[in-house]
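Taking it in order: structure first as structure tokens, then the write-up.
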Amino acid sequence: MSCALITGITGQDGLYLSELLLQKGYDVYGLIRGQNNPKAGLVAETVPDVRVLAGDLTDLSSVLRALQISQPDEVYNLGAISFVAYSWKQAALTSDVTGKGVLNILEAVRIYAGSDLSKVRFYQASSSEMFGKAQQAPQSESTLLWPRSPYGVAKVFGHYMTINYRESYGMHASSGMLFNHESPRRGIEFVTRKVSRGVAAIKLGLLDTLVMGNLEARRDWGYAGDYVDAMWRMLQQPEGDDYVVATGETHSVRDLLKTAFEVVGIENWQDYVEHDPALLRPAEVDALVGDSSKARQKLGWAPTVSFPELVRMMVESDLEHMQARQVETSRLGINGR
Ligand code: NAP
Ligand code: F7E
């Protein structure tokens, strides 16, 4: 039986990846930070077979201890401060967790594996945010990196550090340059989930208007369940490598709104949307679209959920949850910054 250690287990991808690996018969360990993490309950409920270990990416010895206890064949580093807008508010912390945290875990793996580095395979959650002010379209593994946020800069550090450990020590280390991927489990701070919850709340009469930032930004949005499968496929290859994972389609936030409101039968969506300049970012990533030919050819990977299907899945899930929970308007907190 193979064994995996996942950081970021309480996040969207951590939950999907745990489910995938458990299904494949893996022993799965997950790193959880904090002495009383409120999301620990969600992990226990969703993936009860995951064994939880305490640790924080900023604390190398805690990561080393987790490796020593779990003795993993595969390590998936998904832990990060991942909300781009927040990364300007806590730039130093984002650098410590999302950037230097990668070095900590790489170093912990190196120390743990000792003279037999081939016994552990490592996955780093790199991001399309690294392309930032994209210098070509679509973006591939060889496109120049030009990050536009403290988050993007931290991810570039982690990306190159992963490559450096592969090249310096021969570590089986892979970097997944994943484009935006979403699901009903997406954090409520991200635009797709903000829109799916907002539209559901408007449909149910719990909210009057949705307050948004830049509607012209374009993203290549896929389904998270598909993307964790690509992570696993990377670690089954004979060598570590870097792969772009994307659908190859791009849509604006405006398209997202229109598609989401259509799910609940609202055509005049503009009447329900307001603009707040405070939601604009100090520097924006205007447009992203990925070229995932390498992942498709080498990993045999392909996305299975289209953009309209993804939006429908998210809106319907939020409608169902809100109806079931009879959420009070004041507790929705959808329009906050
Ligand atoms: P997410 O839902 O925001 O989850 C992030 C996870 O990181 C949470 O479990 C969080 O734990 C954990 N974390 C935060 N600080 C930590 C620390 N100091 N030590 C250990 N763990 C810490 O993110 P996601 O969407 O699942 O994404 C997974 C990874 O892929 C992230 O690295 C993200 O940057 C990257 N990525 C995501 C996308 C995307 O579109 N989803 C695209 C490209 C790359 P708490 O619950 O304790 O906060
Ligand atoms: O923003 C615009 C916003 O926060 C998408 C993370 O998973 O994917 C994610 O980063 C776009 C941006 O995701 C609102 O300005 C407009 O242009 O959903 P987002 P992101 O910044 O693309 C990458 C690949 C990651 O790696 C990250 O970890 O939508 N936008 N109005 C808005 N965004 C938000 N959040 N809220 C708004 O009201």
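In this chain, numbering begins with 1 at the start of the sequence shown. Atoms within each ligand, like the ligands themselves, are counted from 1 in listed order.
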| message | Just to confirm my output: which protein heavy-atom neighbour is closest to atom 1 (O) of ligand 2, and how far is it? | response | Arg281 NH2, 3.5 Å
| said: Using a 4.0 Å heavy-atom cut-off, which part of Glu182 comes near ligand 2: side chain, backbone, both, or neither? | reply: neither
| note | min-distance protein heavy atom vs atom 28 (O) of ligand 2 -> Ser82 O, 2.6 Å
| field | Polar atom proximity, Thr58 to ligand 1 (N or O, under 3.5 Å) | value | no
| note | of all protein heavy atoms, closest to atom 43 (C) of ligand 1 is Leu178 O, 3.2 Å
| Should you measure from each heavy atom of Ala217, which atoms of ligand 2 turn up under 4.0 Å away? | 17 (O)
| query | Considering Trp221, Tyr151, Tyr16, which one's heavy-atom position lies nearest to atom 36 (N) of ligand 1? | reply | Tyr151
| field | Heavy atoms from other residues, nucleotides or ligands near NZ of Lys100 exceed 12 (cutoff 6.0 Å) | value | no
| task | Please report which non-hydrogen protein atom sits nearest to atom 6 (C) of ligand 1, along with the residue it belongs to and the distance in Å to one decimal place. | result | Gly8 CA, 3.6 Å
| request: Check whether NZ of the Lys or CZ of the Arg Lys155 lies under 6.0 Å from the centre of the six-membered ring of Tyr160 and within 45 degrees of that ring's axis. | output: no
| field | Side-chain donor-acceptor pair present, Thr162, Gln124, cut-off under 3.5 Å | value | no
| task | Give the residue and atom name of whichever protein heavy atom lies nearest to atom 31 (N) of ligand 2, and the separation in Å to one decimal. | result | Gly213 N, 3.0 Å
| request: Using distance alone, with no hydrogens and no angle criterion, decide if Ser61 and Asp59 have a side-chain donor and acceptor under 3.5 Å apart. | output: yes
| message | Tell me the protein heavy atom at minimum distance from atom 15 (O) of ligand 2, and give that distance in Å. | response | Glu284 OE2, 2.6 Å
| said: Check contact between Leu31 and ligand 1, using heavy atoms of the residue and a distance below 4.0 angstrom. | reply: no
| request: Decide, yes or no, whether a salt bridge links Arg166 with Asp242 under the criterion of side-chain N to carboxylate O below 4.0 Å. | output: yes
| request: Considering only non-hydrogen protein atoms, determine which one is nearest to atom 19 (N) of ligand 1 and report residue, atom name and distance to 0.1 Å. | output: Leu57 N, 3.0 Å
| query | Heavy-atom contact under 4.0 Å between Lys155 and ligand 1? | reply | yes
| field | Lys/Arg N to Asp/Glu carboxylate O, Glu216 vs Arg254, below 4.0 Å | value | yes
| message | Contact between ligand 1 and Arg186 is defined here as a heavy atom of the residue under 4.0 Å from a ligand atom; is it met? | response | yes
| request: Check the side chains of Ser62 and Asp56 for a donor-acceptor pair under 3.5 angstrom, ignoring hydrogens and angles. | output: no
| query | Does the side chain of Thr58 pick up a donor-acceptor pair with the side chain of Asp96 at under 3.5 Å? | reply | no
| So does Arg185 pair up with Asp13, basic N to acidic O under 4.0 Å? | no
| request: For the residue pair Ser126 and Ser175, confirm or rule out a side-chain donor-acceptor distance under 3.5 Å. | output: yes
| message | Under a 4.0 angstrom heavy-atom cut-off, which atoms of ligand 2 come close to Ser127? | response | 23 (C), 24 (C), 25 (C), 26 (O)
| query | Which residue supplies the protein heavy atom nearest to atom 16 (C) of ligand 1, what is that atom called, and how far is it? | reply | Arg33 CD, 3.4 Å
| query | Any N or O on Asn37 sitting closer than 3.5 Å to an N or O of ligand 1? | reply | yes
| request: Give the numbers and elements of all ligand 1 atoms closer than 4.0 Å to a heavy atom of Asn180. | output: 40 (O)
| Is a side-chain donor-acceptor pair under 3.5 Å present for Gln12 with Tyr16? | no
| Do ligand 1 and Val97 have nitrogen or oxygen atoms that lie under 3.5 Å from each other? | no
| said: Could you tell me if the side chain of Tyr26 sits less than 4.5 Å from the side chain of Trp232, heavy atoms only? | reply: yes
| query | Which atoms of ligand 1 have any heavy atom of Ala125 under 4.0 Å away? | reply | 29 (C), 30 (O), 32 (O), 35 (C)
| query | Quick one: do the Glu107 and Tyr165 side chains pair a donor with an acceptor below 3.5 Å? | reply | yes
| field | Atoms of ligand 1, numbered as shown, that sit under 4.0 Å from any heavy atom of Gln12 | value | 2 (O), 25 (O), 26 (O), 41 (N)
| Is it true that the side chains of Tyr76 and Glu74 contain a donor and an acceptor less than 3.5 Å apart? | yes
| Protein heavy-atom partner closest to atom 16 (C) of ligand 2 - residue, atom, separation in Å | Asn214 O, 3.2 Å
| task | Output the list of atoms in ligand 2 that are nearer than 4.0 Å to some heavy atom of Val253, sorted by atom number. | result | 2 (C), 29 (O)
| task | Please write down residue, atom name and distance for the protein heavy atom closest to atom 23 (O) of ligand 1. | result | Ser82 OG, 3.5 Å
| query | If you measure from each non-hydrogen atom of His181 to ligand 1, which part falls under 4.0 Å: side chain, backbone, both or neither? | reply | both
| message | Closer than 4.0 Å to some heavy atom of Gly11 - which atoms of ligand 1 meet that? | response | 2 (O), 4 (O), 8 (C), 9 (O), 26 (O)
| said: Regarding ligand 1, does Ser128 bring an N or O atom to under 3.5 Å of one of the ligand's N or O atoms? | reply: no
| task | Pick one of side chain, backbone, both or neither for how Lys39 approaches ligand 1, counting any non-hydrogen atom pair under 4.0 Å. | result | side chain
| For Ser126 and ligand 1, does the shortest N/O to N/O distance drop below 3.5 Å? | no
| task | Heavy-atom contacts with Ser128 under 4.0 Å: which atoms of ligand 2 show up? List them by number with element. | result | 24 (C)
| task | Nearest heavy atom to atom 24 (P) of ligand 1 wins, so pick from Asp96, Leu15, Thr94, Asp13. | result | Asp13
| atom 14 (C) of ligand 2 [closest protein heavy-atom partner, distance rounded to 0.1 Å] | Val191 CG2, 3.7 Å
| So which of Val289, Thr250, Val244 actually passes side chain to side chain contact (heavy atoms under 4.5 Å, CB included) with Phe179? | Val244
| query | Could a heavy atom of Leu78 be found less than 4.0 Å from some atom of ligand 1? | reply | yes
| query | Ser174 side chain to Gly240 main-chain N or O, any donor-acceptor pair under 3.5 Å? | reply | no
| field | Thr10 neighbourhood, listing ligand 1 atoms whose heavy-atom distance to it stays under 4.0 Å | value | 8 (C), 9 (O), 10 (C), 11 (O), 45 (P), 46 (O)
| request: Before signing off on this row, confirm whether Ala80 and ligand 1 have an N or O atom pair separated by under 3.5 Å. | output: yes
| query | In the protein, which heavy atom is nearest to atom 10 (O) of ligand 2, and how far is it? | reply | Val84 CG2, 3.6 Å
| Closest to atom 7 (O) of ligand 2 (judged by heavy-atom distance), picking from Arg254, Lys194, Arg186 | Arg186
| Phe190 six-ring face occupied by Arg186 cation (under 6.0 Å, within 45°) | yes
| query | Do Glu249 and Trp221 have side chains that get closer than 4.5 Å, going by heavy atoms? | reply | no
| query | Polar-atom distance check: Gly14 versus ligand 1, any N or O pair below 3.5 Å? | reply | no
| field | Shortest non-hydrogen separation from Asp220 to Ala246 and the atoms involved | value | OD2-CB, 3.4 Å
| Closest approach of any protein heavy atom to atom 12 (C) of ligand 2, naming residue and atom | Arg219 NH2, 3.4 Å
| Trp88 ring center within less than 6.0 Å of Phe83 ring center | no
| CG of Asp208: more than 12 outside heavy atoms within 6.0 angstrom? | no
| said: What protein heavy atom lies closest to atom 18 (N) of ligand 1? Include the residue and the distance to one decimal. | reply: Asp56 OD1, 2.9 Å
| field | Side-chain heavy atoms of Leu60 within contact of Arg65, under 4.5 Å | value | no
